[in-house]
Amino acid sequence: MKSLYLSLICLLLFSACKSDQSEAIKTIETKELSIAEKIANAHGFENWNNVSEVKFTFQVDQDSIKGKGRSWTWQPKTNHIIMATAKNTVKYSRNAMDSTHIAADRAFINDKFWLLVPFQLVWDSSAKISKATKVHAPISKTELHKITISYPNEGGYTPGDAYDIFYDKDYVIREWIFRKGNADEPSLTTTFENYKDFNGIKIATDHKQEGGKWNLNFTDIKITLK
């Protein structure tokens, strides 16, 4: 009888533990993602852990004049970087930089930010992200959702900057406003268009100002998975 009683207690404890585990799993599975996470995921963030190398060329074309591009090779796992321009080639590691690498690294941070804005929303933990609102986008004038990401006044190469990001119902970015030093007036307003898929990473390859005569764009994009 005593043995039966102990068995019943053990069974009840096991059932309780199993129930608690199920509830915990259910809580994790149903946890609401942040807006930043939803935007990142809409652009393929779930595939980023498998990326071993990123190659791209950053350039700005104005009117009929094609810009002089900067070509990059970046290995995210090791932070090894190669910058190639018409003038020179620079190789360095972000884990072991010295003063001779600062100019190249400033350019890399800028160009990589433009390339992977949706992922920066979750990478940049020091930045603040506002609540989402519905507004009319500055260029297309269509109704989109808007969040603002603002950076602290200290740290990084361009402290205090802010970006108003306009995204659609599928959490895909369509336009943005850059405001230097979080100024009230826009410093630069562009589209996010001509999206292409690179091994599951969705990238806007063109960023045009209103009128289409200025285009910050990416070519030679290659994303290699491990």
Side-chain angles (χ1 to χ4, degrees), residues 33-62 66-85 94 104-124 127 129 137-140 142 144-149 158 161 163-178 188-210 212 214-226:
L33 296 176
S34 67
I35 295 297
E37 290 169 329
K38 290 178 180 179
I39 292 173
N41 288 344
H43 295 80
F45 189 63
E46 68 276 10
N47 298 308
W48 181 256
N49 284 338
N50 296 321
V51 174
S52 60
E53 187 174 80
V54 178
K55 291 185 176 183
F56 64 95
T57 297
F58 169 102
Q59 61 192 23
V60 178
D61 301 333
Q62 191 164 0
K66 197 167 186 63
K68 296 179 180 179
R70 292 188 290 252
S71 295
W72 299 96
T73 299
W74 172 35
Q75 297 173 345
K77 305 295 184 186
T78 61
N79 253 337
H80 288 140
I81 295 166
I82 302 173
M83 180 188 76
T85 68
R94 298 205 78 234
D105 195 57
R106 286 178 68 98
F108 170 71
I109 293 301
N110 176 80
D111 298 0
K112 186 256 296 181
F113 191 92
W114 277 89
L115 184 79
L116 298 173
V117 174
F119 299 173
Q120 298 292 159
L121 294 176
V122 295
W123 284 340
D124 296 343
I129 298 178
I139 295 177
S140 66
T142 57
L144 295 172
H145 302 276
K146 170 193 166 185
I147 57 170
T148 297
I149 179 169
T158 55
D161 290 346
Y163 302 82
D164 301 319
I165 294 174
F166 303 85
Y167 61 96
D168 63 22
K169 62 181 178 60
D170 297 316
Y171 297 95
V172 175
I173 299 176
R174 296 301 177 184
E175 300 180 24
W176 78 347
I177 295 173
F178 162 58
L188 180 65
T189 303
T190 75
T191 63
F192 277 60
E193 57 184 278
N194 196 14
Y195 274 96
K196 295 181 181 178
D197 189 288
F198 301 91
N199 275 329
I201 307 295
K202 190 175 182 180
I203 293 175
T205 58
D206 289 304
H207 301 272
K208 298 178 182 178
Q209 287 185 316
E210 194 165 14
W214 186 98
N215 181 18
L216 186 155
N217 59 90
F218 295 97
T219 60
D220 309 315
I221 300 172
K222 184 179 179 181
I223 295 181
T224 303
L225 304 183
K226 63 182 180 181

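None of the values given here were measured: they were computed from a predicted structure.
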**Student:** How long is the gap from CD1 on Ile165 to NE2 on His145, to the nearest 0.5 Å?
**Tutor:**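 Output value for this atom pair is 14.0 Å.
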**Student:** What are the two closest heavy atoms between Thr189 and Pro138, and how far apart are they?
**Tutor:**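 That closest heavy-atom pairing would be CG2-CG, 3.7 Å.
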**Student:** Please assess Ile39 against Phe45 for the test side chain to side chain contact (heavy atoms under 4.5 Å, CB included), listing each intermediate value before the final yes or no.
**Tutor:** CA-CA 9 Å; Ile39 292 173; Phe45 189 63; over 6 Å; no
**Student:** Looking at every non-hydrogen atom in both residues, tell me the closest pair between Phe218 and Ala204 and how far apart they are.
**Tutor:**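 Phe218 and Ala204 have their closest heavy atoms at CD1-O, 3.9 Å.
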**Student:** Taking atom CD of Glu175 and atom NZ of Lys208, what is their separation to the nearest 0.5 Å?
**Tutor:**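 Here the rounded value is 13.0 Å.
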**Student:** Looking at every non-hydrogen atom in both residues, tell me the closest pair between Asp161 and Thr158 and how far apart they are.
**Tutor:**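 Nearest heavy atoms, Asp161 then Thr158: OD2-CB, 3.1 Å.
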**Student:** Closer than 3.5 angstrom, by distance alone: can the side chain of Asn199 be matched with the main-chain N or O of Ile223 as a donor-acceptor pair?
**Tutor:**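 Confirmed, Asn199 side chain pairs with Ile223 backbone.
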**Student:** Is Asp168 reaching over with its side chain to a backbone N or O of Asp170, donor-acceptor style, under 3.5 angstrom?
**Tutor:**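 At least one qualifying donor-acceptor pair exists.
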**Student:** Compare all side-chain heavy atoms of Ile221 with those of Ile201 and state whether any distance is below 4.5 angstrom.
**Tutor:**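 Side-chain contact under 4.5 Å: no.
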**Student:** Nearest 0.5 Å please: distance from the CD atom of Gln209 over to the CD atom of Gln62.
**Tutor:**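 Here the rounded value is 7.5 Å.
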**Student:** Could you pull out every donor-acceptor pair under 3.5 Å between side chains of residues 106-115 and any protein atom, sequence neighbours left out?
**Tutor:**
from, atom 1, to, atom 2, distance (Å)
Asp111, OD1, Arg70, NH2, 2.7
Asp111, OD2, Arg70, NE, 2.8
Asp111, OD2, Arg70, NH2, 3.2
Asp111, OD2, Trp72, NE1, 2.8
Lys112, NZ, Gln120, OE1, 3.0

**Student:** Which atom names give the shortest non-hydrogen contact between Lys202 and Val172, and what distance separates them?
**Tutor:**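 Taking every non-hydrogen atom into account, NZ-CG2, 3.8 Å.
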**Student:** Please determine whether side chain to side chain contact (heavy atoms under 4.5 Å, CB included) holds for the pair Leu216 and Leu188, giving the CA-CA distance in whole Å, both sets of side-chain angles, and the decisive distance to 0.1 Å.
**Tutor:** CA-CA 11 Å; Leu216 186 155; Leu188 180 65; 5.7 Å; no
**Student:** For residues Ile81 and Arg94, report the shortest heavy-atom separation together with the two atoms involved.
**Tutor:**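 The answer is CD1-CG, 3.3 Å.
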**Student:** Assess whether atom NZ of Lys77 is packed by more than 12 heavy atoms of other residues, nucleotides or ligands within 6.0 Å.
**Tutor:**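 Check passes, neighbour count above 12.
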**Student:** How close do Glu46 and Asn41 get, heavy atom to heavy atom, and via which atoms?
**Tutor:**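 Here Glu46 and Asn41 meet closest at OE1-O, 3.4 Å.
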**Student:** With a 3.5 Å distance limit and no angle check, can you tell me whether Thr224 reaches the backbone of Ser52 through a side-chain donor-acceptor pair?
**Tutor:**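 No, Thr224 side chain to Ser52 backbone: no donor-acceptor pair under 3.5 Å.
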**Student:** Just one of Thr191, Thr190, Asn215, Asn217 clears the side chain to side chain donor-acceptor pair (under 3.5 Å) bar with Asp206, so which one?
**Tutor:**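 That would be Asn215.
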**Student:** Could you grab the distance from atom OG1 of Thr85 to atom CZ of Phe58, nearest 0.5 Å is fine?
**Tutor:**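 The CZ atom of Phe58 is 13.5 Å from OG1 of Thr85, to the nearest 0.5 Å.
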**Student:** Less than 4.5 Å apart, any side-chain heavy atom of Arg174 and any of Tyr195?
**Tutor:**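 Yes, their side chains come closer than 4.5 Å.
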**Student:** Which of parallel (below 30°), tilted (30 to 60°) and perpendicular (above 60°) describes Phe119 and Trp123?
**Tutor:**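 It falls in the perpendicular class, over 60°.
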**Student:** For the pair Ile173 and Val117, evaluate side chain to side chain contact (heavy atoms under 4.5 Å, CB included) and give the outcome as yes or no after the intermediate values.
**Tutor:** CA-CA 9 Å; Ile173 299 176; Val117 174; 4.1 Å; yes
**Student:** Mind checking the NZ-CD1 spacing from Lys55 to Ile82? Nearest 0.5 Å is all I need.
**Tutor:**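 Lys55 atom NZ to Ile82 atom CD1 measures 8.0 Å (nearest 0.5 Å).
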**Student:** Determine, step by step, whether Thr148 and Asp164 satisfy the side chain to side chain donor-acceptor pair (under 3.5 Å) criterion, reporting the C-alpha distance in whole Å, the side-chain angles of both residues, the deciding distance to 0.1 Å, and the verdict.
**Tutor:** CA-CA 4 Å; Thr148 297; Asp164 301 319; 2.6 Å; yes
**Student:** Going from CG on Leu116 to CZ on Phe56, what distance comes out if it is rounded to the nearest 0.5 angstrom?
**Tutor:**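 Those atoms lie 7.5 Å apart.
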**Student:** Within a strict 4.5 Å, meaning less than it, do heavy atoms of the Thr73 and His80 side chains meet?
**Tutor:**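 No, every pair of side-chain atoms sits at 4.5 Å or beyond.
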**Student:** Using ring pair (Phe, Tyr, Trp, His ring centres under 6.0 Å), reason through Phe192 and His207 one step at a time and then give a plain yes or no.
**Tutor:** CA-CA 5 Å; Phe192 277 60; His207 301 272; 4.3 Å; yes
**Student:** So do Trp48 and Val54 actually touch side chain to side chain, heavy atoms under 4.5 Å?
**Tutor:**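 Yes; the side chains approach each other to less than 4.5 Å.
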